[in-house]
Amino acid sequence: MARVVVEVMPKPEILDPQGKAVLGALPRLGFEGVTDVRQGKRFELQVAGDVTDEVLASARKIADEILSNSVIEDVVGIEVVE
């Protein structure tokens, strides 16, 4: 069985309070030089059989309609992981 990985990120114009919290914590933990953090989501869809163009199109539809909120998020990646 193969996996299709879907990555979703907040749109650039949307505030990301979780990313800001991580950014604020990094210097306190000794990590310097990071200027921004954005937190997104990763979904792994396990699929039966081979990943065909039809399966990828279905994964794109799932990503656009179910896994992301198109008002505030972008689907930034769909990748096959064997």
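One is the number of the first residue; the rest follow in order along the sequence. Note: hydrogens, waters and symmetry copies are ignored here, and every other heavy atom, side chains too, is used. In this text the structure is predicted, and so the values were computed from the model without any measurement.
Without hydrogens or angle criteria, Arg38 side chain to Lys11 main chain gives a donor-acceptor distance under 3.5 Å. Side chain of Asp74 to backbone of Val76: no donor-acceptor contact under 3.5 angstrom is found. Side-chain atoms of Ser68 do not come within 3.5 Å of backbone N or O of Val8 as any donor-acceptor pair.
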For residues 52-62, run the donor-acceptor check on the side chains, cut-off 3.5 Å, and write out each pair with its distance to 0.1 Å, sequence neighbours left out.
residue	atom	partner	partner atom	Å
Thr52	OG1	Glu54	N	3.4
Thr52	OG1	Val55	N	3.2
Arg60	NH1	Asp64	OD1	3.4

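In this structure the side chain of Leu23 reaches within 4.5 angstrom of the side chain of Val34, judged on heavy atoms. By the 4.5 Å heavy-atom criterion applied to side chains, Lys20 and Asp36 are counted as neighbours. Contact of the Val5 side chain with the Leu45 side chain is not registered, since no non-hydrogen atoms from C-beta on lie closer than 4.5 Å.
Of all the heavy atoms in Pro10 and Gly40, the pair that sits closest is CD-CA, 4.3 Å. Residue Val6 comes nearest to Ala63 through the heavy atom pair CG1-CB, 3.6 Å, listed as atom of the first residue, atom of the second, then distance.
Put simply, CG on Leu67 and CD on Glu73 are 9.5 Å apart, with the number rounded to the nearest 0.5 Å. Interatomic distance, CE of Met9 versus CD1 of Ile72, reported as 12.0 Å (0.5 Å rounding).
The side chain to side chain donor-acceptor pair (under 3.5 Å) check on Glu7 picks up nothing, with sequence neighbours excluded. Residues that satisfy the side chain to side chain donor-acceptor pair (under 3.5 Å) test with Arg3, not counting sequence neighbours, are Glu44.
Residues Val81 and Phe43 are members of separate hydrophobic clusters, defined by side-chain heavy-atom contacts under 4.5 angstrom among Ile, Leu, Val, Met, Phe, Trp and Tyr. In the hydrophobic cluster analysis, where Ile, Leu, Val, Met, Phe, Trp and Tyr join through side-chain heavy atoms closer than 4.5 angstrom, Val47 is grouped together with Ile66.
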>> Go through it in stages, so that I can follow the logic: the residues are Val37 and Asp16, the test is side-chain contact (heavy atoms from CB on, under 4.5 Å), and I'd like the CA-CA distance, side-chain angles, deciding distance and then a yes or no.
In response: CA-CA 8 Å; Val37 175; Asp16 181 5; 5.8 Å; no

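A 6.0 Å sphere centred on CD of Gln39 holds more than 12 heavy atoms belonging to other residues, nucleotides or ligands. Atom CG of Leu29 sits in a crowded spot, with more than 12 heavy atoms from other residues, nucleotides or ligands closer than 6.0 Å.
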